[in-house]
Amino acid sequence: MTTPELPTQYAPADVEAPSYERWVAAGHFGASAVDGREPYSIVLPPPNVTGSLHVGHALDHSIQDVLTRRARMQGNATLWLPGMDHAGIATQNVVERELAKDGLSRHDLGREAFVNRVWQWKEESGGRILGQMKKLGDGVDWSRERFTMDEGLSRAVQTIFKRLFDDGLIYRANRIINWCPRCLTALSDIEVEHQEDEGELVSIRYGDGDDAIVVATTRAETMLGDTAVAVHPSDERYAHLIGREVELPLTGRRIPIVADDHVDPAFGTGAVKVTPAHDPNDFEIGRRHDLPSLAIMDERGVITAHGPFQGLDRFEARPAVVAALRAEGRIVAEKRPYLHSVGHCSRCKTVVEPRLSLQWFVNVSPLAKAAGDAVRDGRTRIHPPELAKRYFDWVDDMHDWCISRQLWWGHRIPVWYGPEGEVVCVGPDDEIPEGYTQDPDVLDTWFSSGLWPFSTLGWPEQTDDLKKFYPTTVLVTGYDILFFWVARMMMFGLYAMDGQPPFKTVALHGMVRDQFGKKMSKSFGNVIDPLDWIERYGADATRFTLLRGANPGSDVAISEDWAAGSRNFCNKIWNATRFALMNGAVSDGLPEELTAADRWILSRLHSVVSLVDTAFDDFEFAKISDSLYHFAWDEVCDWYLELAKIQIAGGGQVAENTKRVLGHVFDALLRLLHPLIPFVTEELWRAVTGKESIVVAPWPAHDPALADPGAESEIEAVQNLVTEVRRFRSDQGLKPGQRVAARLSLSGTATAAHEDAIRSLLRLDPSGETFTPTARLAVGTVIVEIDTAGAIDVAAERKRLEKDLAVAKKEQAQVTGKLGNEQFMAKAPDDVVAKVRARAAQAVEDIARLEAQLASLPQV
RNA sequence: GGGCGGUUAGCUCAGCGGUAGAGCACUCGCCUUACAAGCGAGGGGUCACUGGUUCGAACCCAGUACCGCCCA
């Protein structure tokens, strides 16, 4: 490409899709198990096939893309493996809603037809996500795309189920589980969201006279299923009642009063009703006292107990029961509203009903212990480390995991029942015994996504992929699913892979929030669609905005303004590179002879490479983005390009050399930026180098030999001088373009060799024969005399000088205070004392200079 | 109730023992031929509060207040 083809504004839409297609076609993202280089592997946390990518995914994917793009440039055998999970409940819900539009339920279709219907939906919905990933620029290996319901992954599910079953770690039991009466399935503990809801607390008197006992409840309707009242064994108020029976109102049943250690005597009246079939704690009490469990609701939460309440929904039954009790004079107290914690289905927000039912469970204790130990002994590192505690709290106190779901969409439980009640767990290659029927339930989606880091690599076969890429290098995900998902992968990975954890590092990021740090929510109307931003600002700008705010483990606030800022940055890079190309920048190695400006920018480049490399070690994407942003904009664009203009304008060998330095700097800068903003850098880098793709270019090497403190201080001195004089010009109302005559006394200072550059940057003409300065500036030891071509604004100048003088005097006071402090002089380290001494000297000099300048101002 | 994190410029956040920083927003001046998605200059902070440690604290320690998150 030749320069004139680059327009003055970067147009992401023209560049993104073609670049992405070219990358994929060239096979740049493909990984190979026979690649002899160091492996670097990441498995993408699979998005739900039902959903679409939101801005949180955009952050998660951007981070993984940055890591893998850099790893690839560093010469690793790099794998980023994409895929989706089947999201059992969510997907089934979506398809059932579709059916409901036609007045159909899944039962009308039957299991097989329904599942086929879901597969159809999966094709549609999954395709949308893939398209979104391409728009973001995700450099994933599409040839390895996986889906949790694929044949291979299903085989993995069945294999591990059988192995756990045979090891006695999977069992079936009648337990109180979390039940969603709308989804009609069991849920695990973590699929229940607790929130403070307004309810009621009703105190009910059971029994009469001496036998009367008052219990308090937020769920009055469950009293229909009470089979006891419990009190604490040492509670003297009730000692005389223990072992006796009391009549349960409305039912006429007589129930025992039992003593149980788990009753809190300080809560309410100290007596609690016991409903073993509808409350997990009561279930335990029931077990300890051998109480019957009386179920009073069906799977939809409708009362089945005989009597006037039969057929009422649980929420209709509640006031009805209270009213009936009140009519009998049994309501002793009522508190309304009463704030208490209520569990909701994380999928549909329905209030969860504890329900006694027969379900499959994983005995997690040995698995969870191994998962904790792997982090404790450093085989897996959680980053940032503060979040490891949350992980430990969870795995060290994990309850058995209910894995059966009463759904049709998912991996069916590989257990078959014989006519005589035989139970057989069937492995993928086992034969199913004649006449047996399969368990109707499917497995929790997390059961299959827990296998993701190795099932996607071909497990249970010992594939080359598995050998090459497991354990994966790093897992990138939000801290919110540390125990939903990460802990499960740890448990299964360690179990299936002989104690090898699935990842060397777990890098956690935060949630994406709006510009005020508020959570994004549809009802609040502050949701940002990443695809919308990609269209309006470009994929690079979208990514850069997210990455620039991404500090390890902490939330990321973003706003439209910042996306515009990122777009501006991309445009800046675009134009700067365009300028370099217009001036003949070539990247074919550095010249022998370098100017101070050249050595300065190379020194700065070297130091930013080192800074970026260090930040990568700790996943400090904000720091990476920020240092590159400032290096590119403040140092390359604002100063080096301006200095290079002068060097090129001078012609000769220096001009030729400058073109090569420009080429070198932009080549390196674009490569450093590429993982963050892949599209614009690809387009520009191809133009600068004429090579095929930056995707496979090497990551810039950190070269300490380029460090040049001498050049740095020389150019800094030039910058200081130029800034000071610009400030004077601005205060004096001189237009930026207006040329004025000046006399510079630079000899003996660090700026001595740069008069041409200084004059050019400041638009100062040489002082001629008739030069008569109207203003005299002292910047350090440099004297600048200027003919401002008119009367100078004395008031403005006085104000400026007085301000500077006040600052200098404050500094002097502070610093001399320190030097006069014996303790400080005795105890502070030498280098600090030396620094303070230097500051003191500087302050004295500044004050003298500023006072002299003030004195020389004409009196008004 | 238990735990974790936070409180620094108008907003979002860096800084974590030795001269308070960035982006955006704001003010002023500029279409200075790479870029107005830009250039130059500028204003703005008792670093939540109270004690302590230290020659020295935004930074370390203790407590208080408020905010957020996780778990029960």
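Computed over heavy atoms, backbone and side chain alike; hydrogens, waters and symmetry mates excluded. First the proteins, then the strands, lettered A, B, ... as listed; each starts at 1.
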side-chain N/O A:Asn568 vs B:G38 OP1/OP2, d < 4.0 Å: yes
Any A:Asn551 side-chain nitrogen or oxygen under 4.0 Å from OP1 or OP2 of B:A14: yes
P spacing across the pair B:C28 / B:G44, given as an integer number of angstrom: 16 Å
Touch class at under 4.0 angstrom, heavy-atom based, for A:Arg548 against every strand present: sugar-phosphate
Parallel, tilted or perpendicular: rings of A:Trp633 and A:Phe569 (30°, 60°): parallel
P spacing across the pair B:U53 / B:C24, given as an integer number of angstrom: 44 Å
Gap in Å between the two P atoms, one belonging to B:C4 and one to B:G42, rounded: 46 Å
Interatomic distance, A:Trp639 CH2 vs B:C35 P [rounded to whole Å]: 20 Å
For atom CD of A:Gln732 and atom P of B:G42, their distance in whole Å: 14 Å
Separation of B:C39 P from A:Asn575 CG (nearest whole Å): 10 Å
Any donor-acceptor pair under 3.5 Å from A:His664 side chain to A:Arg660 backbone: no
Touch class at under 4.0 angstrom, heavy-atom based, for A:Lys835 against every strand present: nothing
Presence of salt bridge, A:Asp396 and A:Arg376, under 4.0 angstrom: yes
Sugar-phosphate only, base, or nothing, as touched by A:Gln515 at under 4.0 Å among non-hydrogen atoms: sugar-phosphate
Gap in Å between the two C1' atoms, one belonging to B:U7 and one to B:A48, rounded: 6 Å
Distance between P atoms of B:G5 and B:G63 (Å, rounded): 14 Å
Distances under 3.5 Å only, N/O to N/O: pair up the protein atoms with those of nucleotides 68-72 of chain B.
unit_1: B:C69; atom_1: O2'; unit_2: A:Arg390; atom_2: NH2; d: 3.4

Within 6.0 angstrom of A:Asp617 CG, more than 12 heavy atoms from elsewhere: yes
Test ring-ring contact (aromatic ring centres under 6.0 Å, His included) applied to A:Phe666 - qualifying residues, sequence neighbours left out: none
Whether A:Phe616 and A:Phe621 hold their rings parallel, tilted or perpendicular, with breakpoints at 30° and 60°: perpendicular
Could you go over nucleotides 54-58 of chain B and give all protein N or O partners under 3.5 Å, atom names and distances?
unit_1: B:C55; atom_1: OP1; unit_2: A:Lys827; atom_2: NZ; d: 2.2
unit_1: B:C55; atom_1: O2'; unit_2: A:Asn821; atom_2: ND2; d: 3.0

Sugar-phosphate only, base, or nothing, as touched by A:Tyr10 at under 4.0 Å among non-hydrogen atoms: base
Salt bridge flag under 4.0 Å for residues A:Asp731 and A:Arg798: no
Sugar-phosphate, base or nothing in reach of A:Thr723, heavy atoms under 4.0 Å: sugar-phosphate
Presence of salt bridge, A:Arg219 and A:Glu353, under 4.0 angstrom: yes
Cation-pi check, A:Arg543 onto A:Trp533 ring (under 6.0 Å, within 45° of axis): no
Residues in ring-ring contact (aromatic ring centres under 6.0 Å, His included) contact with A:Phe283, at least two apart in sequence or another chain: none
Value in whole Å for how far the C1' atom of B:G5 lies from CE of A:Met511: 14 Å
Test item: A:Asn526 side-chain N/O and A:Lys519 main-chain N/O as donor-acceptor pair under 3.5 Å: yes
Pair A:Arg727 + A:Glu724, salt bridge at N-O below 4.0 Å: yes
Of the listed nucleotides B:G38, B:U12, B:C35, the one nearest the side chain of A:Asn571: B:C35
Atom-pair distance (CZ on A:Phe569; C1' on B:G38), nearest Å: 15 Å
Set of residues satisfying side chain to side chain contact (heavy atoms under 4.5 Å, CB included) with respect to A:Asp831, sequence neighbours excluded: A:Pro829
Phosphate OP1/OP2 of B:C30: any A:Lys735 side-chain N/O under 4.0 Å: yes
A:Gly565 or A:Gln814, whichever maps to the more 5' nucleotide of RNA chain B: A:Gln814
B:G10 and B:U50, which share atom name C1', separated by this distance in whole Å: 28 Å
Contact nearer the 5' end of RNA chain B, comparing A:Ser559 with A:Ser554: A:Ser554
Distance below 4.0 Å between A:Arg727 side-chain N/O and B:G42 OP1 or OP2: yes
Test: A:Lys645 cationic atom under 6.0 Å from A:Tyr640 six-membered ring centre, within 45° of axis: no
Sugar-phosphate, base or nothing in reach of A:Asp480, heavy atoms under 4.0 Å: nothing
Touch class at under 4.0 angstrom, heavy-atom based, for A:Glu642 against every strand present: base
Heavy-atom donor-acceptor pair, A:Arg567 side-chain to B:A37 base, under 3.5 Å: yes
Whole-Å C1' distance, B:A57 and B:A62: 15 Å
Helical stems, RNA chain B - three or more consecutive Watson-Crick or G-U wobble pairs below 3.5 Å: B:1-7 with B:65-71, B:10-13 with B:21-24, B:26-30 with B:38-42, B:48-52 with B:60-64
Sugar-phosphate only, base, or nothing, as touched by A:Cys570 at under 4.0 Å among non-hydrogen atoms: nothing
Whole-Å distance separating the CZ atom of A:Phe631 from the P atom of B:A22: 19 Å
Sugar-phosphate only, base, or nothing, as touched by A:Leu641 at under 4.0 Å among non-hydrogen atoms: base
Nucleotide of B:G40, B:A37, B:G23 approaching A:Gln9 most closely (side-chain heavy atoms): B:A37
Nearest-Å distance once atom P is located in both B:C13 and B:C69: 14 Å
Distance-only donor-acceptor test, A:Lys572 side-chain atoms vs B:C35 base atoms, 3.5 Å: yes
Whole angstrom value for the distance that separates P of B:A22 from CG of A:Asp561: 19 Å
Distance in angstrom units between A:Tyr537 OH and B:A37 P, rounded: 13 Å
A:Asp846 bridged to A:Arg849 by N-O distance under 4.0 Å: yes
